[in-house]
2 protein chains.
Amino acid sequence: MLLDIAEVSQRSGLAPSALRFYERKGLITPDGRNGLRRAYQAETLSRLTLITCARDAGFTLAEIAAFLRAGPSDTVLRERMAAKEREVSERVDQLTRLRDSLRHAAVCEHDPLVECPEFKQAIRRAR
Amino acid sequence: MLLDIAEVSQRSGLAPSALRFYERKGLITPDGRNGLRRAYQAETLSRLTLITCARDAGFTLAEIAAFLRAGPSDTVLRERMAAKEREVSERVDQLTRLRDSLRHAAVCEHDPLVECPEFKQAIRRAR
DNA sequence: CCTTGACTTGAACCGCGCTTCAAGTCGCAG
DNA sequence: CTGCGACTTGAAGCGCGGTTCAAGTCAAGG
């Protein structure tokens, strides 16, 4: 039971052009063809979920492709995951501090906001 | 006491080309010129700190320019800050979930990792 | 005066992640 | 057989955030 590109597009929320683009980048492969038309395995959908998730996480498509190509027992893969985990952690901390600055900014009374000492300090912390 | 572009570049960590680029985008303005050379107020440095911080936070340069142009008592500004705060919060949550997935991935024993049920589930949660 | 070297400009180029377009090829309905 | 419409391709284009380049200008020092 293979899916055509329109169906994969609809279910994954990715444009057909994006799917072809991902194929060029080595992220996905159609299982076969009906004439010229790509036919995808259902499994491709979960692969795409993984891809969009990783992409949203700030992985580049090239990084994701490398992950997906990585063989089993790949210690390099694990190491890269761990490295990315550290990166993401740092980003979370940074964004959390920034969120706090914004939260304060939205309610503070200083006028120009840029002069608010709390805001200024928050910005410095958020760096 | 005005600073020239090399000094601002060095202290801000931004390339001169980036400073000129920001000028074209309306983010900064030199206070004057020495001949052709830009002369910046010291204040520009804190403005740049604010800019890089906001940029790191995921604001586009266009958004930042709009913020900086916003007048005092600007309720629109506050509203945009609040909106961005919500955006950033969401992103923090999402990245936090992702970080947890990666954290697990780095230590889990499944081989291909993609088959790990915990990982799969974490991905679904992270969406 | 002439060189040196840091600046100036506008325009071109880059990588990323796609989208859009023109031109061509299918399968199916009538 | 003849459309029609949904797919195919490669190439070009786009928005973002810059960098790089060639050509020009200027101030200071020898």
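Throughout, protein chains are lettered first and strands after them, A, B, ... in sequence-line order, and every chain is numbered starting at 1.
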Go through it in stages, so that I can follow the logic: the residues are B/Thr60 and B/Ile64, the test is side chain to side chain contact (heavy atoms under 4.5 Å, CB included), and I'd like the CA-CA distance, side-chain angles, deciding distance and then a yes or no.
CA-CA 6 Å; B/Thr60 66; B/Ile64 299 171; over 6 Å; no

(message) Would B/Gln94 and B/Leu98 count as a side chain to side chain contact (heavy atoms under 4.5 Å, CB included) here? Give the steps.
(response) CA-CA 6 Å; B/Gln94 194 192 339; B/Leu98 187 90; over 6 Å; no

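In this entry the distance linking CD of A/Glu23 with P of D/dC7 reads 15 Å, nearest Å. Atom-to-atom, CD of B/Gln10 to P of C/dC7 comes out at 10 Å; the value is rounded to the nearest Å. Distance, B/Glu63 CD to D/dC16 P: 10 Å, rounded to whole Å. Rounded to whole Å, the distance from CZ on B/Phe21 to P on D/dG15 is 13 Å. Atom-to-atom, CG of B/Leu36 to C1' of D/dA23 comes out at 13 Å; the value is rounded to the nearest Å. Nucleotide C/dT19 holds its P atom 11 Å from the CG atom of A/Leu61, rounded to whole Å. In this structure, the CG atom of B/Leu48 is 15 Å from the C1' atom of D/dG18, given to the nearest Å. Separating the CD1 atom of A/Ile28 from the C1' atom of C/dG17 is a distance of 14 Å, rounded to the nearest angstrom.
For B/Arg55, taking side-chain heavy atoms from C-beta onward, the closest of the listed nucleotides C/dT19, D/dT19, D/dG18 is D/dG18. The A/Ser17 side chain lies nearest to C/dT20 when the options are D/dG17, C/dC18, C/dT20. Checking D/dT19, C/dC7, C/dT19 against the side-chain heavy atoms of A/Arg24 singles out C/dT19 as nearest.
In this model, the phosphate group of D/dG17 is not approached by any side-chain N or O of B/Tyr22 to a distance below 4.0 Å at OP1 or OP2. A close approach under 4.0 Å does not occur between any side-chain nitrogen or oxygen of A/Arg38 and OP1 or OP2 of D/dC7.
With the nearest nucleotide of DNA chain D identified for both B/Leu19 and A/Arg33, A/Arg33 has the one nearer the 5' end. Checking A/Asp4 against B/Thr60, the closest nucleotide of DNA chain D that is more toward the 5' end is the one next to A/Asp4. Both A/Lys25 and A/Asn34 lie near DNA chain C, and the one whose nearest nucleotide falls closer to the 5' end is A/Lys25. In terms of position along DNA chain C, the nucleotide closest to A/Leu14 lies nearer the 5' end than the nucleotide closest to the other residue of the pair A/Arg37 and A/Leu14.
Looking at every heavy atom in both residues, B/Leu61 comes nearest to B/Leu27 through O-CD2, 3.7 Å.
At the heavy-atom level, B/Arg20 lies under 4.0 Å from base atoms of the strands shown.
Across the helix from C/dC1-D/dG30 to C/dG30-D/dC1, the helix axis at one end is tilted relative to the axis at the other end by 30° (nearest 10 degrees, each axis from five pairs).
Note on A/Glu7 versus A/Arg11: salt bridge recorded, some NZ/NE/NH1/NH2 to OD/OE distance being below 4.0 Å. The pair A/Arg20-A/Glu23 fails the salt-bridge criterion, with no side-chain N (NZ, NE, NH1 or NH2) lying under 4.0 Å from an Asp/Glu carboxylate O. The pair B/Arg69-B/Glu63 does not meet the salt-bridge criterion, since no charged nitrogen lies less than 4.0 angstrom from a carboxylate oxygen.
B/Arg55 and B/Tyr22 are linked by a side-chain donor-acceptor pair at a separation below 3.5 angstrom, with hydrogens and angles left out of the test.
B/Ser89 pairs with exactly one of B/Arg91, B/Arg86, B/Glu85, B/Glu87 by the side-chain hydrogen bond (donor to acceptor under 3.5 Å, both in side chains) rule, that one being B/Glu85.
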